[in-house]
Amino acid sequence: MEQYAIKGGNPLVGDVEIGGAKNAALPILAATIMTDETVYIENMPDVWDTNVLLSAMQNIGVMVKRTDRHKVTLNAGNVNSMIVEEEPLKKIRASYYLLGAILGKYKHAEVVLPGGCDIGFRAIDQHIKGFRALGATVSIEHGLIKAKAEKLRGGHVYMDCVSVGATINVMMAATLADGLTIIENSAKEPHVVDVANFLNSMGANIKGAGTDVIRVRGVQKLHGTEYAVIPDQIEAGTFMFAAAVTKGDVTVKNVIPKHLESVTAKLLEIGCEVEELDDCIRVVSSKPLIHTHVKTLPYPGFPTDMQPQITVALALSKGTSIVTETIFENRFKYVDELTRMGASIKVEGTTAIIDGVERYTGASISAPDLRAGSALVVAALAAEGTSTVDDIKYIQRGYEDFHLKLQSLGAQIELVQTEKDFQKFKLKTG
Ligand code: EPZ
């Protein structure tokens, strides 16, 4: 079984190149189904979730060619099925984007119900509400979501909650509907804007992405395009917090600093120095960290996907901090693992009350989900002694070469397969 072996204590120092955003890449890949022409995508992250989606798309007839690790050429001119029920797709949340894309193009789609990280109840009612507002009939049968329409027509959708997935999905389907669709209370995340920009580059007519009202004027057809996915702000934020907790000096490169404003603000609050340049951010952590309070919120608020990483930093910060999770109710599962490393955290409902401790100590821990997994790795990098992190398949869903990038910053981390590998690692790292 693969796990990470980590010897903590080294400050992370150096530059790290940030890849394309997983949560933008997934809907962009799905949206390529909406044109028969060839689409070229750059800055595509090579992670488990995108690869699962690409393989499902290949299986319904989409031509997929990776021209290098981060460039992919797709042609969906010969799609041969509107039904996607592959087993691995059940494990990723983004399978639902195939629904919006295939429904938009072919007015009929059947896709397995989405899975994804177990971080709380993950409803899809707003997706369904949106498709119905465009004139589709939607049902859930035998584990598939089925959506069908004679014709999609523009509609007015008010989202009852701010949902990234539902906003993108309805925006995609509306692109090829007749007339105007208005999506109110839409999500404003950078990846929503990126998908809108991508669709517009294929000939769509979408206005207002990045605000809470998106207007989509349906077009007859979309055409091929070339597009580069935006940088992953969560990957970048994870390395920024890794610098903070290891007392390091890390520059994240190829980022859009604007997308990281909430992360930067919190790092400043807890006592780090942060320097923003055009497309990079440098984080220097040279003083003791200090406590603060955080509430996760839809963009531009502090992202739920950074909640475990900031908690790892606050648990090493002087004083008492409070972290409130408002997006997913089950996103503190990693706290037990962090406690095994010496953290003092009490979770009450969706709030964590954190009494900062001086240090973590190495332990054997498991990743309960993607972001919590990366946060636990960061904790182990700051800990005294050696740790192992199991269930790293979760981390590999969304971080490309995570351990190699950390190694390049001076971390002592290795991917080990056997007890023998682990003993070798321990001998080597002392
Ligand atoms: C996306 O999930 C991301 N996943 C998540 O990233 C991220 O945590 C989340 O957005 C919030 O930013 C992908 O992009 C593949 P939502 P999504 O719809 O679309 C409720 C990661 O680690 N809701 O914005 O599933 C829902 O229960 C992952 O990369 C409804 O009630 O999130 C939640 O409380 C984890 N009904 C809130 O809205 C719906 O129909 C936000 O969910 C849809 C959502």
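Both ligands and their constituent atoms are indexed starting at 1 by order of listing. Note that the structure is predicted; figures quoted are calculated from it, not measured.
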(request) Would you indicate whether Tyr106, at its atom OH, is surrounded by more than 12 heavy atoms from other residues, nucleotides or ligands within a distance under 6.0 Å? (result) yes
(message) Could you tell me, atom by atom, which parts of ligand 1 come under 4.0 Å of a heavy atom of Gly165?
(response) 18 (O), 19 (O)
(request) Can you sort out which atoms of ligand 1 are near Thr304, meaning under 4.0 Å from one of its heavy atoms? (result) 8 (O), 11 (C)
(message) I'd like to check which ligand 1 atoms, numbered from 1 as shown, lie under 4.0 Å from a non-hydrogen atom of Asp125.
(response) 30 (C), 31 (O), 36 (N), 39 (C), 40 (O)
(request) Ignoring angles and geometry beyond distance, decide whether Val164 reaches within less than 3.5 Å of ligand 1 through its nitrogen or oxygen atoms. (result) yes
(request) Find all atoms of ligand 1 within a distance of less than 4.0 Å from any non-hydrogen atom belonging to His127, and give their numbers and elements. (result) 40 (O)
(request) Find out whether Glu184 and His156 are in side-chain contact, i.e. whether some heavy atom of one side chain is under 4.5 Å from a heavy atom of the other. (result) yes
(message) Regarding Gln307 and Tyr334, do their side chains bring together a donor and an acceptor under 3.5 Å, going by distance alone?
(response) yes
(message) Heavy-atom distances under 4.0 Å decide this one: backbone, side chain, both or neither, for Arg331 against ligand 1?
(response) side chain
(request) May I ask you to check whether Ser364 and Thr388 show a side-chain donor-acceptor distance below 3.5 Å? (result) yes
(message) Need the ligand 1 atom indices (1-based, order shown) with element for anything under 4.0 Å from a heavy-atom of Ile327.
(response) 33 (C), 34 (O), 37 (C), 41 (C)
(request) List in chain and number order the residues that pass side chain to side chain donor-acceptor pair (under 3.5 Å) with Asp46, two or more places apart in sequence or in another chain; answer none if no residue qualifies. (result) Asn51, Arg69
(request) Report yes or no: does a heavy atom of Val162 sit under 4.0 Å from some atom of ligand 1? (result) yes
(message) Please work out, at 4.0 Å between heavy atoms, whether the side chain, the backbone, both, or neither of Tyr96 comes within that distance of ligand 1.
(response) side chain
(message) Checking the N or O distance criterion of under 3.5 Å, is ligand 1 in contact with Gln126?
(response) yes
(request) Run the numbers for me: atoms of ligand 1, each under 4.0 Å from some heavy atom of Arg93, listed by number. (result) 25 (O)
(message) Within the 3.5 Å criterion, strictly below it, is a donor on Ser387 or Tyr360 matched to an acceptor on the partner's side chain?
(response) no
(message) Suppose we call two aromatic rings close when their centres sit under 6.0 Å apart. Are Tyr399 and Phe239 close by that rule?
(response) no
(message) Using the rule side chain to side chain donor-acceptor pair (under 3.5 Å), only one of Thr225, Thr73, Asn75 pairs with Thr38; which is it?
(response) Asn75
(request) Measure from atom 26 (C) of ligand 1 to every heavy atom in Tyr394, Tyr399, Phe328 and give the option owning the shortest one. (result) Phe328
(message) Could you report the tightest heavy-atom contact between Lys107 and Glu150, atom names first, then the distance?
(response) CG-O, 4.3 Å
(request) Could you tell me whether Ala94 and ligand 1 have an N or O pair separated by under 3.5 Å? (result) no
(request) Would you check the N or O atoms of Cys161, main chain and side chain alike, for any that come under 3.5 Å of an N or O of ligand 1? (result) no
(request) For the residue pair Glu325 and Thr296, confirm or rule out a side-chain donor-acceptor distance under 3.5 Å. (result) yes
(request) Would you kindly specify which portion of Lys22 sits under 4.0 Å from ligand 1, judged on non-hydrogen atoms: side chain, backbone, both or neither? (result) side chain
(request) Using a strict cut-off of 4.0 Å, indicate which atoms of ligand 1 neighbour a heavy atom of Ala123. (result) 27 (O), 30 (C), 31 (O), 36 (N), 39 (C), 40 (O), 43 (C), 44 (C)
(request) Sort out for me which residue in Asp369, Asp49, Thr50 forms a side chain to side chain donor-acceptor pair (under 3.5 Å) with Arg397. (result) Asp49
(request) Counting heavy atoms only, name the option from Asp369, Leu370, Asp305 that's nearest to atom 7 (C) of ligand 1. (result) Asp305
